[in-house]
Amino acid sequence: MYQDSHLHTSFSSDSDTPMEEMIQTAISKGLSSMCFTEHMDLDFPPGEFDFLVDMDAYQQTLLKLSKKYEEQIHIRFGIELGLQPHLGNQLSNFVNSYPFDFVIGSVHVVDRLDPYESVFYENRSEKEAYLRYFTCLLENVKKYSCFDVCGHIDYVVRYGPNKNLYYSYQNYQEIIDEILRVLVDKNIGLECNTGGFKYGLGHPNPTEEILKRYRELGGEIITLGSDAHVPQYIAYEFERAVDILKQCGFSYYTVFEKRKPIFFPL
């Protein structure tokens with residue numbers, strides 16, 4: 001079983017699952033390692049969730065459970081960092097304050113709106129909304145280098161009015177290629193997030209064409225993440241994702257330890 005590098009527990013605002021339950025399920029599924037990546041979105045717009053982690057409690061619990069289960073599974077300490085252009089040095093200062101193994105950089109907020117909410121799509125076409133998301137993502141990846149991989153880069157497609165019915169890489173090729181080139185130039189990896197299968201898209205996030213294009217542009221760092229918030233989705237559709245990565249030209253996938261990439265054969 002491959003290692004899962006994108007997992008959430010009750011330390012994330014949008015999960016109620018105790019960390020120990022996630023660990024026990026990962027062990028039962030045969031995982032050799034897992035990385036928790038709780039949500040930390042500084043200055044998230046007011047709403048149902050604040051997406052701020054109690055870092056002391058998170059770190060202490062992870063250390064305690066890592067010790068408890070060390071003979072059964074290797075547990076890594078990560079974070080999913082919400083990127084917004086106005087946050088400046090706050091993000092790098094935060095990352096440098098903790099001994100993370102792995103940092104995912106994700107965009108969950110565009111113009112003070114979460115694409116998860118329908119209001120993001122009001123008064124503009126779906127294509128305009130998607131393009132605005134990619135434009136903001138490009139701005140963020142140009143601005144920041146304090147993360148190891150870029151998370152679910154077509155996240156917006158999960159929640160659009162028609163999801164991916166009319167969406168294709170070709171429709172946004174110019175800006176997506178620019179995003180990928182920035183990542184390659186900065187030696188920042190890309191995540192293959194299997195949450196897209198859970199959301200009924202029939203594809204990972206990002207799609208196969210984007211994964212292939214990243215590889216064509218020289219990208220080598222690719223992580224596998226389920227984005228699971230509940231136990232049953234740990235390592236969800238990983239075998240399917242591995243087949244896709246092989247077809248896209250990858251021979252290895254990546255796990256981070258103390259912010260350094262380790263490559264494992266697919």
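- Counting non-hydrogen atoms of other residues, nucleotides and ligands closer than 6.0 Å to CG of Asn89 gives a total of 12 or fewer.
- Atom-to-atom distance recorded for Glu21:CD and Asp16:CG is 10.5 Å, nearest 0.5 angstrom.
- Using a 4.5 Å heavy-atom cutoff, the side chains of Arg259 and Asp101 are not in contact.
- A salt bridge links Arg112 with Asp43; the closest basic N to acidic carboxylate O contact falls under 4.0 Å.
- The shortest distance between side-chain heavy atoms of Glu191 and Asp227 does not fall below 4.5 Å.
- Side chain of Tyr144 to backbone of Gly88: a donor-acceptor contact under 3.5 angstrom is found.
- Checked by atom type and distance alone, the side chain of Asp4 pairs as donor or acceptor with a backbone atom of Ala235 at under 3.5 Å.
- Under the 4.5 Å side-chain contact rule for hydrophobic residues, Ile179 and Val109 do not share a cluster.
- Contact annotation: the side chain of Phe44 approaches that of Asp114 to within less than 4.5 Å [non-hydrogen atoms, C-beta and beyond].
- Under the 4.5 Å side-chain heavy-atom criterion for ILVMFWY residues, a single connected hydrophobic cluster contains both Ile221 and Phe147.
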Inset, instruction - Given side chain to side chain contact (heavy atoms under 4.5 Å, CB included), test Leu137 with Cys150 step by step and report yes or no. - result: CA-CA 9 Å; Leu137 176 59; Cys150 191; 3.8 Å; yes
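- For Ser13, the side-chain contact (heavy atoms from CB on, under 4.5 Å) partners at least two apart in sequence or on another chain are Phe49, Asp50, Phe51.
- Under a 3.5 Å cut-off, the side chain of Ser12 and the backbone N or O of His39 do form a donor-acceptor pair.
- Residues Glu122 and Val119 form a side-chain contact, since some pair of their non-hydrogen atoms from C-beta on lies under 4.5 Å apart.
- Lys142 has a carboxylate O that lies under 4.0 Å from a charged side-chain N of Glu178, or vice versa, which qualifies the two as a salt bridge.
- The CG atom of Leu131 sits 9.5 Å away from atom CD1 of Ile176, with the distance rounded to the nearest 0.5 Å.
- For Arg215, the side-chain contact (heavy atoms from CB on, under 4.5 Å) partners two or more places apart in sequence, or in a different chain, are Glu220, Phe250.
- Using modelled atom types, one side-chain atom of Thr17 and one backbone atom of His229 make a donor-acceptor pair closer than 3.5 Å.
- A single hydrophobic cluster is not seen to contain both Tyr121 and Leu165; linkage of ILVMFWY side chains at heavy-atom distances under 4.5 Å, directly or through other members, places them apart.
- Heavy-atom minimum distance, Glu38 versus Val53: CB-CG2, 3.9 Å.
- A donor-acceptor pair under 3.5 Å is absent between the side-chain atoms of Gln72 and the main chain of Ile27, judged by distance alone.
- The backbone N or O of Glu20 lies less than 3.5 Å from no partner atom in the side chain of Lys68, so there is not a single donor-acceptor pair.
- Hydrophobic clustering (ILVMFWY, side-chain heavy atoms < 4.5 Å, transitive): Ile222 and Phe263 are in one cluster.
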Inset, instruction - Using the side chain to side chain donor-acceptor pair (under 3.5 Å) rule, take Gln170 and Glu209 through it: C-alpha gap first, then chi angles, then the decisive distance, then the call. - result: CA-CA 9 Å; Gln170 287 78 13; Glu209 292 168 308; 2.8 Å; yes
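- Annotation: cation-pi geometry satisfied between Arg124 and Phe120 (NZ/CZ under 6.0 angstrom from ring centroid, within 45° of ring axis).
- Nearest heavy atom pair, residue Met34 against residue Leu7, reads CE-CD1, 3.5 Å.
- Among all heavy-atom pairs drawn from Leu91 and Leu83, the shortest one is CD1-CD2, 3.9 Å.
- Taking the ring pair (Phe, Tyr, Trp, His ring centres under 6.0 Å) definition, one finds that His203 meets it with nothing, sequence neighbours left out.
- Every pair passing ring-ring contact (aromatic ring centres under 6.0 Å, His included) that includes a residue from residues 75-98 is listed here, sequence neighbours excluded: Tyr58-Phe77, Phe77-Phe100, Phe94-Tyr98, Phe94-Phe100, Tyr98-Phe100.
- Residues Tyr155 and Tyr159 place their aromatic rings such that the two centres sit under 6.0 Å apart.
- For His6, the ring pair (Phe, Tyr, Trp, His ring centres under 6.0 Å) partners two or more places apart in sequence, or in a different chain, are His8.
- Side-chain atoms of Glu80 and His152, non-hydrogen and from C-beta on, do get closer than 4.5 Å to each other.
- Gln59 is listed as a side-chain neighbour of Pro99, based on a closest heavy-atom distance under 4.5 Å.
- Proximity of the aromatic rings of Phe134 and Tyr172 is defined here by a centroid distance below 6.0 angstrom, and this criterion is met.
- Note: Gln84 CD to Asp111 CG = 9.5 Å, rounded to the nearest 0.5 Å.
- With hydrogens and angles disregarded, a donor-acceptor distance shorter than 3.5 Å links the side chain of Lys186 to the backbone of Val141.
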Inset, instruction - Check the pair Lys67 / Glu70 against side chain to side chain contact (heavy atoms under 4.5 Å, CB included), numbers first and verdict last. - result: CA-CA 5 Å; Lys67 182 69 174 176; Glu70 64 182 350; 3.4 Å; yes
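- In terms of heavy-atom proximity, Gly189 sits nearest to Leu183 at O-CD1, 4.3 Å.
- From Phe197, atom CZ reaches atom OH of Tyr233 across 13.5 Å, with rounding to the nearest 0.5 Å.
- In this structure, Met22 is not a member of the same hydrophobic cluster as Leu63, with clusters built from ILVMFWY side-chain heavy atoms closer than 4.5 Å.
- Taken from NZ in Lys198 to CZ in Arg158, the straight-line distance is 6.5 Å, to the nearest 0.5 Å.
- For the atom pair CG (Leu180) and CG (Leu190), the distance works out to 6.5 Å, reported to the nearest 0.5 Å.
- Side-chain contact between Arg181 and Arg213 is present, with heavy atoms from C-beta onward closer than 4.5 Å.
- Remark: side-chain polar atoms of Glu208 are not paired, donor with acceptor, to backbone N or O of Cys248 under 3.5 angstrom.
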Legend entry - Step-by-step side chain to side chain contact (heavy atoms under 4.5 Å, CB included) determination, His108 to Tyr116: CA-CA 8 Å; His108 299 123; Tyr116 175 82; over 6 Å; no
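- Between Lys260 and Glu257, no side-chain nitrogen of the basic residue sits less than 4.0 Å from a carboxylate oxygen of the acidic one, so the salt-bridge criterion is not met.
- Closest non-hydrogen pair, Ala241 versus Cys192, comes out as CB-SG, 4.1 Å.
- Looking only at distances, no side-chain donor or acceptor of Tyr169 sits under 3.5 Å from a matching main-chain atom of Pro206.
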Legend entry - side chain to side chain donor-acceptor pair (under 3.5 Å) assessment of Asn164 paired with Tyr130: CA-CA 11 Å; Asn164 63 341; Tyr130 288 3; over 6 Å; no
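- Residues in residues 244-254 take part in these side-chain hydrogen bond (donor to acceptor under 3.5 Å, both in side chains) pairs, two or more places apart or across chains: Gln3-Tyr253.
- Looking at heavy atoms from C-beta onward, Phe11 lies in side-chain contact with Met19 at the 4.5 angstrom threshold.
- Of all heavy-atom pairs spanning Lys143 and Pro85, the tightest one is CE-O, 2.7 Å.
- At distances below 3.5 Å, at least one donor-acceptor pair connects side-chain atoms of Lys29 with backbone N or O atoms of Ile234.
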Legend entry - Trace of the side chain to side chain donor-acceptor pair (under 3.5 Å) decision for Asp154 with Tyr167: CA-CA 10 Å; Asp154 50 8; Tyr167 165 74; 3.2 Å; yes
